[in-house]
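As structure tokens, the structure follows; a few thoughts come after it.
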Amino acid sequence: MPTRPATGGNTSSWSAAPSARWSAIPANRPFSLSPKGAAPPIAVHSADSSLQIEEGDILLVDGKFWSTKNTGTDLPHLAAADLTHSTYKDAFRPTLKEISPALTQVQEGCSVTVEKVEFAKEETRLYLRIQNTGGASISYWNGYLVQGGTQYAETHNAEARYEVLPGDILPGVTATGVVVFPALKDPGALQIYFQILSEDCAADFDPFVFSLS
């Protein structure tokens, strides 16, 4: 993303993806777009009167800069030719490779399924489904990835707002969530370890271990 308007201002195409995020909007147009990072806000002008934006929305913007000389503002101005809502994952952590192994293991009334694995440049995302068919509450404790003799612990990114597994999974409940790990050098073979705990002291879960090849 350029840090200033291109020379000529009104002839250069510019895209805010994947490094721009909207921060505030008045009742009318234009609105303010805050690029991710330390770059200053950008005044974006849209002719779409039906556009609905809420605080925290992430937008992908294509448009043209124009000169701000003698406008009384230091903000760069951008006429939006195309403006699309996006997600944190697609804008900032796009998937490079996706695997849907649908691997399931069952222990003492607890079923754990790895439904999908997404490899991104910045992180690795595992989509889990945990079903409690036992008589006591269970909880997801932690997980690890192992690849090439290196162990990777979970990471947390509150800004992404991925679906989170509940703290307690009651009997008869099926829960889903996304567990995030660091980016891997090779988006291929790896081992996955998950630890599940139970309120039933008699239940003794071994780690749930999955292998991807």
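All values reported here derive from a predicted model rather than from experimental measurement. Numbers for residues simply follow the sequence, beginning at 1. Side chains included, hydrogens not; waters and symmetry mates left out as well; all remaining heavy atoms used.
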Do you know which two heavy atoms are closest between Thr87 and Ile58, and how far apart they sit?
-> C-CD1, 3.9 Å
Determine all donor-acceptor pairs shorter than 3.5 Å in which one atom belongs to a side chain in residues 196-204; sequence neighbours excluded.
residue, atom, partner, partner atom, Å
Ser198, OG, Asp200, N, 3.0
Asp200, OD1, Ala202, N, 3.0

Do Arg125 and Thr95 come within less than 4.5 Å of each other through their side chains, counting heavy atoms only?
-> yes
Indicate if Ile99 and Phe194 have the same hydrophobic cluster label, given that clusters are the connected sets of ILVMFWY residues with side-chain heavy-atom separations under 4.5 angstrom.
-> yes
Might you point out which heavy atoms bring Asp206 and Gln107 nearest each other, and give the distance in Å?
-> N-OE1, 2.8 Å
Applying the 4.5 Å side-chain criterion to the ILVMFWY set and letting contacts propagate, would Leu145 and Tyr193 be lumped into a single cluster?
-> no
Test item: Glu118 and Tyr127 side chains (from C-beta on) under 4.5 Å apart, heavy atoms | yes
What residue among Gln131, Glu163, Glu115 forms side-chain hydrogen bond (donor to acceptor under 3.5 Å, both in side chains) with Thr176?
-> Glu163
Between Ile130 and Leu165, is any pair of side-chain heavy atoms under 4.5 Å apart?
-> yes
Once the angle between the rings of Tyr88 and Tyr162 is folded into 0 to 90°, is it parallel (under 30°), tilted (30 to 60°) or perpendicular (over 60°)?
-> perpendicular
Applying the 4.5 Å side-chain criterion to the ILVMFWY set and letting contacts propagate, would Leu128 and Val173 be lumped into a single cluster?
-> yes
Within-4.5 Å side-chain heavy-atom neighbours: Leu212 and Leu103 | yes
Tyr144 side chain to Gln195 side chain, donor-acceptor N/O pair below 3.5 angstrom | no
With the 4.5 Å side-chain cut-off for hydrophobic clustering, are Phe208 and Phe181 part of the same group?
-> yes
Contact check, side chains of Cys110 and Phe205, non-hydrogen atoms, under 4.5 Å | yes
Nearest-0.5 Å distance that lies between atom CD in Glu159 and atom CZ in Arg93 = 8.0 Å
Thr124 side chain reached by Val117 side chain, heavy atoms, under 4.5 Å | yes
Of all the heavy-atom pairs spanning Ala120 and Pro94, show the shortest one and how long it is.
-> CB-O, 3.3 Å
Ignoring hydrogens and angles, write down the donor-acceptor pairs under 3.5 Å from the side chains of residues 147-154, residues two or more places apart or on other chains.
residue, atom, partner, partner atom, Å
Gln147, NE2, Asp186, O, 2.7
Gln147, NE2, Ala189, O, 2.8
Glu154, OE2, Tyr140, OH, 2.7
Glu154, OE2, Gly143, N, 2.8

Non-hydrogen side-chain atoms of Val146 and Leu190 separated by less than 4.5 Å | no
Point-to-point distance, once rounded to the nearest 0.5 Å, from CG of Leu184 to NZ of Lys97 = 11.0 Å
Any link between Ile169 and Val179 through a network of hydrophobic side chains (Ile, Leu, Val, Met, Phe, Trp, Tyr) touching at under 4.5 Å?
-> yes
Gap between atom CG of Leu126 and atom NZ of Lys116 - 0.5 Å precision | 11.0 Å
Gln191 to Ser211 - nearest heavy-atom pair and separation | CG-OG, 3.9 Å
Non-hydrogen side-chain atoms of Ser111 and Thr133 separated by less than 4.5 Å | no
